[in-house]
Structures are given as C-alpha cells and as structure tokens.
Amino acid sequence: MQDFSEMEDSVLVSSACQPWQFSVGGHLSPWPTYTSGQTILQNRKPCSDDYGKRASWQQHPLGIAKPKYLEQLENYLRKELLLLDLGTDSTQELRLQPYREIFEFFIEDFKTYKPLLSSIKNAYEAMLVHQREKIQALEPLKAKLVSMNEECNQRILAMQAEERDEISVLKREKMNLLKLIDKKNEEKISLQSEVSKLRKSLAEEYLHYLSERDARKILIGDLNELRYQREDVSLSQSPGVWGEDPVKLTLALKMTRQDLTRTQMELNTMKANFGDVIPRRDFEMQEKINKDLQEQLDSLRADYEEVCKEHELLLQLHMSTLKERDQFFSELQEIQRTSTPRPDWVKCEDVVAGGPERWRMLAEGKNSDQLVDVLLEEIGEGLLREKDFFPGLGYGENIPSFLRFDGLVENKKPSKKDVINLLKDAWKERLTEEEKETFPDFFFNFLERRFGLSDAIAWAYTIFENIKLFRSNEVMSQFYAVLMGKMTESTYINQKDRIAHLLKEMTNADTQNEGLLTMEQFSTILKNTFPLKKEEQIQELMETGGWQPNSSNSDLLNYHLLFTENEEGQSEPFVQKLWEQYKDEKEQYLQELKQELGRNPHDEVTLSKLHGALMTIDPSLDKQTVIAYLSQAFELPVSELPEEDNEKQEGTVIQLQTVLERLRLADIKRMGPREPEPAS
C-alpha cells in the first residue's frame with residue numbers, strides 16, 4: 001500500500017510536468033485506456049463533447065507501462081481464484097469474495113472516491129443479500145415442484161397403462177359384439193325365410209278352411225230346410241201337438257187347487273175340534289207344520305205366476321218364431337230361385353296380372369264385396385291403360401277447377417307406383433306451404449310446377465282417373481277424398497300426426513335402441529297415448545300388432561314393422577286398425593250428437609243448440625275446438641260467428657242432417673269422457 005501511495009504521488013507530480021496524461025475535461029487517468037492488452041471503458045455518451053475530445057486524444061497512442069499496483073491486484077486475484085478452483089466444494093458465493101476484497105482495497109486506497117465507492121459496494125451487497133433471501137425462500141418451492149413433477153409423471157404413466165388396458169378390453173368387446181351382430185343377422189335372415197314359408201302355408205290353409213266353411217254353411221242350410229219341411233209335415237198330420245203342454249199345466253193346476261182346498265178344510269176342522277184339547281207340544285208342532293205349508297203355498301203361488309208369465313212369453317215367442325220361419329223359408333225359396341252360385345275366386349288367379357301369388361296377396365283378408373272391388377280395379381286398370389286420351393269435362397261450375405278444359409287430354413299412363421310417389425310428394429309440399437290455398441288449386445299448381453304448364457292438365461286428368469279407380473289403395477283413396485271435399489285436410493294430417501306421436505312414444509320407451517318392446521310396454525304405451533279408447537279397442541290393437549292371448553307380457557315385439565308401408569303405399573294392419581277405430585269413434589260421437597239434437601234428420605238446429613249439445617256429450621271441449629266445430633257445421637268463418645249471448649245465434653238455422661254431414665268431413669273426435677248422468 002505504501003508503494004501505491006508513492007506511485008500516486010509520483011503520478012501527480014509527473015502529471016504536472018506532462019500535460020498529455022490528463023484528459024481534455026480535466027479527469028485523472030491513472031493508466032491509459034488505449035494501451036494494448038486490456039481496455040477500460042468509461043461510461044461516456046457518444047454524443048457528448050467529452051466523447052469527441054477523448055476520441056481525438058485516443059488517436060495518439062503512447063506506450064506507457066502497466067502500474068505496479070495494478071499488477072499486484074491482478075496477481076492477488078488470480079491466486080485467490082486458483083485456490084478456489086482447487087477446492088471441490090467452492091460455490092459461486094465464495095468466488096465473489098476475492099473481488100470483494102480487491103474492491104475494498106480500492107476503497108481504502110482512493111480516499112477521495114471512498115464515499116462513492118462505499119455506497120456502490122453497499123448497494124450491490126444489499127442487492128446480493130436480497131437475492132440470497134429470495135433464493136432461500138424459493139428453495140422449498142423448488143423441492144416441492146420437483147416432487148409434484150415426479151408424482152404427476154407417475155400418475156400420467158399409471159393412467160396411460162390403465163387406458164391401454166381399457167382400450168384392449170374395449171377392442172375385444174367390440175370384436176365380440178361384431179361377431180354377435182353377424183350371428184343375429186344370420187338368425188334374422190333364417191327367421192325371415194321361415195316366416196315367409198309359414199305365411200305361404202298359412203294362406204293355403206286359409207283358403208282350404210274357407211272352402212270348407214262355405215261347404216258346411218251350405219250343408220247346414222240344406223239340413224235346416226229338410227228339418228223345417230219335416231216339421232211342417234208333422235204339424236199337418238197332428239194339429240193338437242202344440243196344445244198338449246197347456247192342458248197338462250191346467251190339469252196340474254186344478255189338482256193342486258183341489259189338494260190345497262182339501263188340506264185347508266182338514267186343517268180348519270182339526271183346529272176347530274182339537275184346538276183346546278191337544279197338548280201344547282202337538283199344537284206347536286202343528287203350528288210349525290202349518291207355517292211351513294203356508295210358505296210352500298206362497299212359493300208355489302209365486303212359481304205358478306212366474307210359470308204363467310213364462311208360458312205367455314213362450315207362446316208369443318213361438319208365434320213370432322213361426323212367422324219368422326215362414327218368412328225365412330219364403331225368402332230362402334226366392335233366393336234359391338233367383339240367386340246365382342257363389343263365385344269361385346280361384347279362377348281369377350290366371351286372369352289377374354302377376355299370377356296366383358299376386359291374386360292371393362290382393363285377396364288376403366277380404367270378403368266377396370271387397371274382392372269384387374279388387375277385380376273391378378284390375379279390370380279398370382287395363383282399360384285405363386288402353387286409353388290414349390280423355391275427353392275434357394268443360395268449364396262448368398260443378399267441374400273441379402283442376403279439370404276445367406275443353407278438348408282431348410293425353411293419358412300419361414304412369415304406373416301405380418309412380419302415381420303414389422307423386423301423391424306423397426304433393427303431401428310433403430302441401431305441409432311445407434306457408435300461404436295456404438284451396439287444395440284443388442294447390443294440386444293443379446303443384447302439377448304445373450312439376451311438369452310445366454303444357455302438361456299440367458294432362459297429368460291432372462291422368463291422376464284423377466287413377467285415384468278415382470283405385471279406391472282400395474289407402475294413399476289414393478284418402479287423397480281423392482280430400483281433393484273432392486269428402487274429407488278435410490286436417491283429418492288426414494292429424495291422423496298422420498297421431499301415428500307419428502305413437503311411434504315416437506315407442507321409440508322413447510326403447511331405451512336399448514334395439515327396435516323391440518315387451519307386450520306390457522306395448523299395452524302401456526297404447527293406453528297412455530289413447531286414454532279414451534276402451535279395453536276392447538286396446539285388445540284389438542294388440543292382437544293386430546301380433547299379441548296372442550296365450551303369450552306372456554315378456555314377449556318382444558318389433559314395433560318398427562307395425563308402421564312400414566309396401567310399394568303401393570299400403571300400411572300394415574295395425575295402422576289400418578287405428579284408422580278404422582278412428583272412423584268408428586267419429587261415427588259414434590256423431591250418433592250421440594244426433595240423439596242429443598233430435599232423431600229427425602229434418603229438425604232445425606241453431607248455433608246455440610249445437611253448442612249446448614256438444615258441451616253435453618263432451619264437456620272437456622275447449623272454446624277453440626267448439627268454435628272450429630261450429631264453423632265447420634254452419635260453414636261460417638270464425639270471425640263471423642256470433643257471440644254466445646248474441647241473438648244472431650238463434651237466427652242461423654240449418655237442418656240436422658246437414659250438420660252431421662258437414663261434421664263428418666272434419667276431424668271431429670271426443671276430447672274427454674262424458675260425465676255420467678245424475679241418478680234420479
């Protein structure tokens with residue numbers, strides 16, 4: 001340190017004689033920064049004046065030796081760092097200690113700059129202490145973070161192992177399910193083939209038993225005729241046979257009265273002669289006997305009166321039976337004289353297109369009247385295809401708007417399937433139509449959009465002739481009824497909505513999404529969807545759907561098959577039964593309304609009277625539905641209907657028959673049970 005002081009003094013003395021060692025700004029430079037080997041840069045801004053002056057000063061390098069004190073400090077620093085590097089456990093904190101000591105040497109030797117350098121050292125020391133405390137505080141968090149990282153890695157590995165096991169299990173289960181599905185499909189195909197064979201054999205047996213039934217009916221009719229003839233012969237030979245039973249009854253009655261009189265006389269005599277002398281025990285016994293006889297007599301009288309009444313009823317029934325027998329016998333003779341033999345429908349198999357199989361399909365479940373309609377449709381279809389043109393019906397007011405045309409109209413000759421598909425497309429477009437127009441106008445506009453203006457009238461005539469001919473087809477008959485005003489659109493649409501709602505309820509109940517329901521679920525859904533149907537109607541629907549009286553409630557039903565349609569748009573028997581029950585319920589509802597309004601078809605009906613009758617037979621009707629029924633019956637817009645207490649209700653009068661006919665066209669049905677009539 002003494003050498004450093006001497007060196008500082010020599011520098012100060014020599015600086016007085018050598019002005020080039022001072023900077024232009026008057027700052028002390030103990031050792032030049034421009035010497036080679038090491039460079040110490042001062043914190044000067046390049047834009048300051050001092051920077052330019054120093055730059056000009058640095059352009060003249062001068063060779064000056066490194067100060068001795070600086071060499072001592074560097075040697076000391078190098079030695080201390082070397083000692084620290086030799087130690088294996090030296091830390092970064094220990095490596096700062098030599099630099100700290102050298103900085104303290106500077107502070108102690110340079111007295112002038114000691115305060116400034118001490119404040120710098122203290123600031124750095126405070127910052128190091130703060131950073132050290134902060135590092136120590138974060139050490140536990142670092143350890144915890146490491147442990148949590150290891151734990152999370154272990155969990156991830158465990159979850160990946162579990163997922164691999166689960167994926168392998170699911171893959172095996174998937175393969176098993178695919179095998180099961182293939183097996184079920186094979187079983188389904190085999191069962192379908194068996195069902196087709198059974199249906200074929202069933203149809204053959206049905207035709208066989210049908211012929212047997214008809215033969216038995218004919219035989220029974222012949223036997224009855226022979227018995228009636230034998231009875232007539234016996235009656236003509238012994239006319240007194242019919243009076244035999246009343247004579248016997250009269251004689252029996254006479255004898256009974258005689259016995260009764262005699263017994264009464266004997267009893268009176270005994271009472272008169274021995275009333276005071278017989279023992280009490282005998283008296284009580286006789287009294288008991290008398291009481292029993294009296295009860296027997298009363299019962300005999302009651303039986304006798306009942307027998308007399310039954311006898312009179314039997315006589316009346318006998319006489320009416322004789323009259324009916326004579327009437328039936330005469331009718332039978334007239335029928336035998338005028339009627340033709342029962343047709344052999346099997347002969348139609350070779351005539352109808354498609355052969356025996358198609359005829360059996362058309363004739364299945366139909367009576368003779370329906371078979372005649374089917375045969376007429378087949379004949380009419382052939383005649384219709386032979387026509388090339390239809391004559392136009394003109395422009396009369398009674399002609400539907402879509403048929404008003406003069407001249408010949410081309411027959412487009414579509415297939416039955418094409419007509420059905422066209423009608424279904426028309427219904428779809430009608431349901432999505434926003435501005436409702438009349439159905440005939442919509443039908444013609446639909447054909448015009450589909451086929452163009454030039455072919456629209458030809459297609460209108462062609463489709464009209466087809467739907468008028470095929471009355472047995474469900475799609476065509478319903479479309480024809482709506483088109484000709486014999487049924488309202490709401491009737492068709494609401495029925496389709498009810499069927500769709502029933503299918504939705506069955507789908508919701510099928511939690512496994514297998515298309516199967518138990519018979520118990522099937523019955524519950526029918527009762528919940530149609531709460532007003534009777535038990536017999538529910539039973540009919542279940543039997544039509546495939547339920548048998550001897551089947552259990554756990555038997556499964558493929559409910560999707562109940563709502564399918566064939567190529568010609570014919571629904572399954574289940575949907576047809578729903579439509580039949582709907583029509584029967586509507587007719588019964590109208591009959592109740594007729595009984596409430598009056599039995600004479602020509603009776604006059606007012607708005608208030610019809611309103612009261614509707615609320616009487618169906619108290620659950622809401623106001624909107626009642627207004628709709630009144631509007632349909634009187635053909636008045638809803639806005640023009642008078643209020644309930646308005647006198648105009650009494651002024652609007654139509655006949656009962658007209659009311660029933662108009663309501664029969666609409667979708668009228670019962671909304672709730674009829675309240676029981678109060679007991680008198």
Side-chain angles (χ1 to χ4, degrees), residues 377 380-381 383-385 387-496 569 628-629 631-640 654 658-659 661-668:
E377 289 180 4
E381 184 179 6
L383 296 175
L384 188 61
R385 288 191 174 278
K387 284 186 178 182
D388 294 329
F389 297 95
F390 300 111
L393 300 179
Y395 293 93
E397 295 182 356
N398 57 344
I399 303 300
S401 59
F402 61 92
L403 296 178
R404 293 176 182 174
F405 186 78
D406 268 335
L408 294 178
V409 181
E410 181 186 359
N411 182 8
K412 294 297 183 179
K413 298 182 181 180
S415 64
K416 191 175 181 180
K417 184 178 179 181
D418 294 338
V419 175
I420 292 172
N421 293 333
L422 189 63
L423 297 181
K424 289 182 178 180
D425 293 341
W427 275 121
K428 290 179 183 178
E429 186 170 332
R430 180 63 170 176
L431 294 177
T432 57
E433 188 181 23
E434 296 181 357
E435 296 182 1
K436 295 292 184 181
E437 53 187 341
T438 61
F439 196 78
D441 293 340
F442 158 77
F443 176 61
F444 187 79
N445 293 333
F446 167 76
L447 295 177
E448 186 176 353
R449 289 190 295 271
R450 176 66 68 91
F451 302 106
L453 181 61
S454 58
D455 290 338
I457 192 68
W459 277 102
Y461 270 85
T462 302
I463 293 175
F464 178 74
E465 292 295 333
N466 277 271
I467 63 178
K468 184 174 67 172
L469 175 63
F470 296 105
R471 297 292 183 88
S472 63
N473 185 275
E474 182 179 344
V475 177
M476 293 189 180
S477 61
Q478 291 178 352
F479 195 90
Y480 178 78
V482 175
L483 188 63
M484 300 306 294
K486 298 180 180 180
M487 183 175 70
T488 59
E489 290 182 65
S490 60
T491 304
Y492 173 83
I493 295 172
N494 293 340
Q495 182 66 13
K496 291 295 182 182
Y629 288 172
S631 175
Q632 176 69 23
F634 286 86
E635 292 185 347
L636 292 175
V638 176
S639 58
E640 297 182 8
I654 58 175
T658 306
V659 170
E661 289 176 356
R662 291 175 180 175
L663 290 178
R664 190 173 283 109
L665 303 179
D667 181 29
I668 181 171

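Position 1 is the first residue of the sequence; numbering continues from there. Every value quoted in this text rests on a predicted model; they were computed, and no experiment measured them.
- Judged as a salt bridge (charged side-chain N to carboxylate O under 4.0 Å, His left out), and not counting sequence neighbours, the contacts of Glu465 are Lys468.
- Atom CG of Leu408 is separated from atom CZ of Phe390 by 11.0 Å, given to the nearest 0.5 angstrom.
- Contact annotation: the side chain of Lys413 never approaches that of Thr462 to less than 4.5 Å [non-hydrogen atoms, C-beta and beyond].
- You'll find the side chain of Ile457 reaches within 4.5 Å of the side chain of Phe444, heavy atoms only.
- Among residues two or more places apart in sequence or in another chain, the ring pair (Phe, Tyr, Trp, His ring centres under 6.0 Å) test is passed with Phe451 by Trp459.
- Glu448 has its side chain out of reach of Phe402: every pair of non-hydrogen atoms, C-beta onward, lies at least 4.5 Å apart.
- Arg450 meets the salt bridge (charged side-chain N to carboxylate O under 4.0 Å, His left out) test with Asp425; sequence neighbours excluded.
- To the nearest 0.5 Å, atoms OH (Tyr629) and CG (Leu663) are separated by 8.5 Å.
- Under the 30°/60° scheme for interplanar angles, the aromatic rings of Phe479 and Trp427 are found to stand perpendicular.
- In the displayed structure, Lys387 atom NZ is contacted under 6.0 Å by at most 12 heavy atoms of other residues, nucleotides or ligands.
- Side-chain atoms of Arg662 come within 3.5 Å of backbone N or O of Ala633 as a donor-acceptor pair.
- For the pair Tyr461 (side chain) and Leu403 (backbone), a donor-acceptor distance under 3.5 Å is present.
- Atom CD1 in Ile467 sits 5.0 Å away from atom CG in Leu483 (nearest 0.5 Å).
- Annotation: salt bridge (Lys or Arg N to Asp or Glu O under 4.0 Å) contacts involving residues 474-495, sequence neighbours excluded, comprise Arg430-Glu489.
- Residues Gln632 and Thr488 have side chains in contact (heavy-atom distance under 4.5 Å, counting atoms from C-beta outward).
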Next item on the list: Evaluate the criterion side chain to side chain contact (heavy atoms under 4.5 Å, CB included) for residue pair Val475 and Val419; output intermediate values, then yes/no.
Entry: CA-CA 10 Å; Val475 177; Val419 175; over 6 Å; no

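- Legend: residues meeting ring pair (Phe, Tyr, Trp, His ring centres under 6.0 Å) with Phe446, ordered by chain and number and at least two apart, are absent.
- Here Asn445 contributes atom CG and Ser401 contributes atom OG; the two are 9.0 Å apart, rounded to the nearest 0.5 Å.
- Rounding to the nearest 0.5 Å places CG of Leu469 at 11.0 Å from OH of Tyr480.
- The closest side-chain heavy-atom distance from Gln478 to Thr491 is not below 4.5 Å.
- No more than 12 heavy atoms of other residues, nucleotides or ligands shown are found within 6.0 angstrom of NZ on Lys417.
- Phe470 is linked by a ring pair (Phe, Tyr, Trp, His ring centres under 6.0 Å) to nothing, counting only residues two or more places apart in sequence or in another chain.
- For the pair Ile463/Leu423, a side-chain contact is recorded, criterion being any heavy-atom separation below 4.5 Å from C-beta on.
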